[in-house]
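Data first, discussion second: the structure below is written as structure tokens.
We use all heavy atoms of the structure for the numbers below, so side chains are in, but hydrogens, waters and symmetry mates are not. None of the values given here were measured: they were computed from a predicted structure. Just so it is clear: chains get the letters A, B, ... in the order the sequence lines come, proteins before strands, and each one is counted from 1.
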There are 2 protein chains.
Amino acid sequence: MELDEKPAASATEQRRDYHHGDLRRALLKAADAELTDKGVEGFSLRGVAKRADVSHAAPAHHFGNTEGLLTALAAEGFRRFIAKQEEREADAQNDPVSRHVASGLGYVDFALSNPALFNLMFTSERTDRDEDELCNAAAAAFDKLVSQTKDIVGRDPREDISAMTDVVAAWAMVHGLASLMNSGRIAVLQDMPIDQRDRVLADIISRSIADRATDAI
Amino acid sequence: MELDEKPAASATEQRRDYHHGDLRRALLKAADAELTDKGVEGFSLRGVAKRADVSHAAPAHHFGNTEGLLTALAAEGFRRFIAKQEEREADAQNDPVSRHVASGLGYVDFALSNPALFNLMFTSERTDRDEDELCNAAAAAFDKLVSQTKDIVGRDPREDISAMTDVVAAWAMVHGLASLMNSGRIAVLQDMPIDQRDRVLADIISRSIADRATDAI
DNA sequence: GCTCCCATCTTTTCAATGTCAAGATAAAAG
DNA sequence: CTTTTATCTTGACATTGAAAAGATGGGAGC
């Protein structure tokens, strides 16, 4: 399949011999590609092994089993997920609502550019949600939402049930948009130029929470 | 597993011999049970065959392959999905907003009482979305939402882009709630008594669209 | 009533997959 | 230099989806 079967450990590349050097990372990269190509339900450990050009049992050695590998992948997904939101926030105006809307656009961005990973993170059952790394990464994403909401409504959702309701509303709206668009169910938005689409999305996202800001006064 | 291995074709039951009578329906029922037990990603054709007490290749004969069976199951799911919403609407006050909120509560109800089926219908890739029966059933659910929105905002979303935006907002909100609750991600709502939970959900659902009603005046 | 056709269901077979156990290899420790 | 240990491979087995060929019996036509 490859042209040069043995690149003989080029200076920059990891050695390709028996001991790989950083196979764990290479496997994660291969798993990401496999997931993107085949989707959660078509994902296979042996497919990952082929992509990384190692034996079929190598992935299981590093991650225990399929669930272990997918769990690690999902955790990395949540970190990229947060990064994508922050990326959008950086371009936004510096008020709480604008930041939240930008963050939501990042949420949707991530879903659309990583459809399979998004499904793995939020709806797949092939993941161990109690695993520490995944737990922490997912919690970090949630905490981000909570503190953004706090900045908008002026009360801490962790102490105020009404503010927590705002968190749920904001999350549900953005997540619903991302999910439905991800599965290609909103034709109107798909057929729009991106900047127009983002304006519509921003309008919708703000409905869930923007008017709650007045409550804080 | 079963007590009586051969009920010998009781009068009301289908015959259990070579020619089953209505194996297709029996397989769908078995598939529903398999899906509920194992989830989309643990679903197996052979598991369905065992439940229906037929040979392992019987399901494929009736539905072509796994995708075919899951597609038929998803179509039936959408019909039950609509029924659940209508069930809730029947108990609601007879104004457009109340009907929509009730419908949304039915949406969430369905997701929570059929978690695996809900995932199959909305996010699984093991389904043929171009298949006629599934297409029609899913379209019927969408049409329901569209006409409900029309009743609220007073304009036809199929002709008015702003009204279609309202459709998207309403759908995203409800779908987000259902998805997130379905995957156990909203602890606050999980730990609530159901009637209180429904009040919170109703509040959130109405945020997406209720205030648009004034636009229609 | 009889024969033949054919839809229905079973049996057989094969490739792909996840996982486990045992072996091989090389890096590191002593 | 020897021993230990982590890393990776090989081989094996059960499960699964799917295809192909065979068995069964209902029903059409006569």
| request: Indicate whether the side chain of A:Gln148 and that of A:Gln85 have a donor and an acceptor atom separated by less than 3.5 Å. | output: no

| query | In whole angstrom, what separates B:Asp22's CG from C:dA7's C1'? | reply | 15 Å

| query | Counting side-chain heavy atoms from C-beta on, which of D:dT7, C:dT17, D:dG17 comes nearest to A:Arg46? | reply | C:dT17

Close N/O contacts between protein and nucleotides 19-21 of chain D (under 3.5 Å):
none

| field | Short side-chain N/O contact from A:His62 to OP1 or OP2 of D:dC8, under 4.0 Å | value | yes

| What is the distance, rounded to the nearest whole Å, between atom NZ of A:Lys38 and atom P of C:dT17? | 7 Å

| field | Pair B:Glu159 + B:Lys150: basic N to acidic O under 4.0 Å | value | no

| Counting side-chain heavy atoms from C-beta on, which of D:dT9, C:dT10, D:dC8 comes nearest to A:Leu23? | D:dC8

| remark: Between CG of B:Leu45 and C1' of C:dA16 the distance, given in whole Å, is 15 Å

| said: Between B:Glu76 and B:Arg25, does any NZ, NE, NH1 or NH2 come within less than 4.0 Å of an OD or OE carboxylate oxygen? | reply: no

| said: Could you tell me how far apart B:His61 (NE2) and D:dA23 (P) are, to the nearest whole angstrom? | reply: 16 Å

Quick one: side chains of residues 173-186 of chain B, donor-acceptor pairs under 3.5 Å with protein atoms, not counting sequence neighbours, listed by atom name and distance.
{"unit_1": "B:His175", "atom_1": "ND1", "unit_2": "B:Tyr107", "atom_2": "OH", "d": "2.8"}
{"unit_1": "B:His175", "atom_1": "NE2", "unit_2": "B:Ser179", "atom_2": "OG", "d": "3.3"}
{"unit_1": "B:Ser179", "atom_1": "OG", "unit_2": "B:His175", "atom_2": "O", "d": "2.9"}
{"unit_1": "B:Asn182", "atom_1": "ND2", "unit_2": "B:Pro115", "atom_2": "O", "d": "3.4"}
{"unit_1": "B:Asn182", "atom_1": "ND2", "unit_2": "B:Asn119", "atom_2": "OD1", "d": "3.4"}
{"unit_1": "B:Ser183", "atom_1": "OG", "unit_2": "B:Ser179", "atom_2": "O", "d": "3.0"}
{"unit_1": "B:Ser183", "atom_1": "OG", "unit_2": "B:Leu180", "atom_2": "O", "d": "3.4"}
{"unit_1": "B:Arg185", "atom_1": "NH1", "unit_2": "A:Phe122", "atom_2": "O", "d": "3.2"}
{"unit_1": "B:Arg185", "atom_1": "NH2", "unit_2": "A:Met121", "atom_2": "O", "d": "3.2"}

| task | Report the distance from atom CZ of B:Phe63 to atom P of D:dA18, rounded to the nearest whole Å. | result | 14 Å

| note | Separation of D:dA14 atom C1' from B:Lys50 atom NZ, nearest Å, is 11 Å

| note | Looking only at C:dT8, C:dT11, D:dT9, the nucleotide nearest the A:Ser55 side chain is D:dT9

| query | Does B:Thr66 have a side-chain nitrogen or oxygen under 4.0 Å from the phosphate oxygens OP1 or OP2 of D:dA18? | reply | yes

| request: Starting from P on C:dG18, measure out to CD on A:Glu34 and report it in whole angstrom. | output: 9 Å

| said: Is there a side-chain contact between B:Asp128 and B:Leu134 in this structure, where contact means two heavy atoms from C-beta onward sitting under 4.5 Å apart? | reply: no

| message | Within a 6.0 Å radius of atom NZ on A:Lys144, are there more than 12 heavy atoms belonging to other residues, nucleotides or ligands? | response | yes

| Salt bridge flag under 4.0 Å for residues B:Arg199 and B:Asp203 | no

